[in-house]
Protein chains: 2
Amino acid sequence: MPKETFFRLPKAKQQRLMDAAYQEFARAPFNETSISNIIKHAGIPRGSYYQYFDDKSDLYFYLLKTVRQRTVLTLQQVMTKHHGDLFPAMSEFFGKTITALVHGPHAALYRNVFLHMDFHSAAKMAGSKAPFLKPPHGHQEIHDFLLTSIDRSRLRIRADDEVSLLIRQIVGMFIQTIAYYYSNQAEGKPITVAELKRRGDQLLDWLQFGVSNDDHNHH
Amino acid sequence: MPKETFFRLPKAKQQRLMDAAYQEFARAPFNETSISNIIKHAGIPRGSYYQYFDDKSDLYFYLLKTVRQRTVLTLQQVMTKHHGDLFPAMSEFFGKTITALVHGPHAALYRNVFLHMDFHSAAKMAGSKAPFLKPPHGHQEIHDFLLTSIDRSRLRIRADDEVSLLIRQIVGMFIQTIAYYYSNQAEGKPITVAELKRRGDQLLDWLQFGVSNDDHNHH
DNA sequence: TCCGTCATATGACAAGGTGTCATTATAAAC
DNA sequence: GTTTATAATGACACCTTGTCATATGACGGA
């Protein structure tokens, strides 16, 4: 997280920095971005940057947190609407989210985020209990919200840590599917958003009903 | 891939370089490694390095390819043994692989590989058709091998691209689970290998039979 | 033996990035 | 006006990367 000093700054200066950060992280994947570019665009001296943030990651994750808040809201609305029925809710959530990601105003940023997100970050996204993710609207909140709002009577699993594993799996599945989209796009054989949704629904269906043939079903 | 010049080098010199590379990539995650360290340990001048490789990734992926070959063999053996029965085969494969990864001689290297593998790389691992992955024992081979050797009569899916999606999903699931292990370890709350296998089997079981409650089963 | 050629070897260098630190500037408090 | 805490600043030391002009060496003629 940014240091106290940053939050005590005039709003205008904060905003100038965040805008420059957004621009840089939308321009290129994380490893190809630089603090130098950000401070150049924000018109802030190098020394000051380190008075506000620990390093590049610090600003990066803070920026993502602010951008992601809308997504959390969507998830909560959809889950409520479907009365905790996990799979229909997830299908609708995925459909809405994917459109927002790919065609929304933050498309460029998300592209860099998903394409180059590593599994360590993803594990955190799916609900780490690491203390540094505790602040409001951290990923942990998504995880905990789902844990309490899922209607377990529709599932053959009940225990908290099993549901927790299921949530992680679904979140991971989404990230993987979205990354697949960008990955194909990067290699010059783009797939459509409709096709992407189909894949997401397909995976959800398999997870819900199993891919096993009826003849062999149920152990 | 390394340039021709590299392969024309005396075996001893090649080996010295690969050993240094191994050491460096086992020492730290990819972004924290440097060509400088590798050539220092290998005792090779900077200019020469660029005569052999394009950049750091070039050497990295080449190294991984050599290390990974044993894994491909294991997969083929296990699939054959189970006569194409996907889920038991995958369970056994995962069990064997996870032990090798975590306790085997290459544990340090794999830790860095999995923890910081991004989804773009993972998509390629799960079977990209990108031309630069065509060489023998590329990931594409794993994907194609599975595509032909899976006994589809045990599944409710038949079409190639559906099976292909399933394969990607399972591979992604494995990577995700392994990354989860390292992720927890990195945050000081390690889980056991046995627990990890249990999670893997749990996920496979869900994918095979579905998590839906019997009351609501089958659409 | 001398020469031209082709593949390889080398290390100095330019360009650019990161994090630190001694020094100034600012402003509120007494 | 002086003290004190906070913030601003930019020069610096240190590291990396990729390139390039130059040096070395082997080999096949003439």
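Every chain is numbered from 1, with letters handed out A, B, ... down the list of sequences.
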So, B/Phe6 versus B/Phe53, ring centres under 6.0 angstrom or not?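 Yes, the ring of B/Phe6 comes within the 6.0 Å limit of the ring of B/Phe53, centre to centre.
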
If you take the centroid of each ring, where Trp contributes its six-membered ring, are A/His82 and A/Phe87 closer together than 6.0 Å?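 Ring centres of A/His82 and A/Phe87 not closer than 6.0 Å.
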
Indicate whether OP1 or OP2 belonging to D/dT17 is found under 4.0 Å from a side-chain N or O atom of B/Arg46.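 So the side chain of B/Arg46 is within the cut-off, an N or O lying under 4.0 Å from OP1 or OP2 of D/dT17.
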
Take atom [atom1] of [X] and atom [atom2] of [N], then tell me their distance rounded to the nearest Å.
| X | N | atom1 | atom2 | answer |
| --- | --- | --- | --- | --- |
| A/Lys3 | D/dT6 | NZ | P | 14 Å |
| B/Phe53 | D/dT19 | CZ | P | 16 Å |
| A/Gln51 | D/dA8 | CD | C1' | 7 Å |
| B/Glu4 | C/dC6 | CD | P | 18 Å |
| A/Asp58 | C/dG19 | CG | P | 11 Å |

Within-4.5 Å side-chain heavy-atom neighbours: [X] and [Y]:
| X | Y | value |
| --- | --- | --- |
| B/Val113 | B/Phe25 | no |
| B/Met90 | B/Leu75 | yes |
| A/Leu115 | B/Asp118 | no |
| B/Leu166 | B/Leu207 | yes |
| A/Met1 | A/Phe7 | yes |
| B/Arg46 | B/Ser36 | yes |

Heavy-atom pair of closest approach, residues A/Tyr62 and A/Met18: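 For A/Tyr62 versus A/Met18, the nearest heavy atoms are CD2-CE, 3.4 Å.
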
Given C/dT10, D/dT17, D/dT9, the nucleotide with the shortest approach to the side chain of A/Pro45: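 Nearest nucleotide to the side chain: D/dT9.
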
With a non-hydrogen cut-off below 4.0 angstrom, is [X] in contact with a base, only sugar-phosphate, or nothing?
| X | value |
| --- | --- |
| B/Ser48 | base |
| A/Tyr49 | nothing |
| A/Tyr52 | sugar-phosphate |

Produce the list of close N/O pairs, under 3.5 Å, pairing protein atoms with atoms of nucleotides 21-24 of chain C; give distances to one decimal.
none

Considering the terminal five base pairs at each end of the helix from C/dT1-D/dA30 to C/dC30-D/dG1, what angle separates the two local helix axes, rounded to 10°?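 Here the local axes at opposite ends form an angle of 30°.
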
Listed in order of residue number, which residues of residues 8-41 of chain A have a non-hydrogen atom at under 4.0 Å from DNA chain C?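 Within this stretch, A/Ser34, A/Ile35, A/Ser36 sit under 4.0 Å of the strand.
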
Parallel, tilted or perpendicular: which fits the ring planes of A/Tyr110 and A/Phe114, with parallel below 30° and perpendicular above 60°?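 Because their plane-to-plane angle lies in the 30° to 60° range, the rings of A/Tyr110 and A/Phe114 count as tilted.
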
Counting heavy atoms not belonging to A/Arg27, are there more than 12 under 6.0 Å from its CZ?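 Counting neighbours around CZ of A/Arg27, more than 12 heavy atoms of other residues, nucleotides or ligands fall under 6.0 Å, so yes.
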
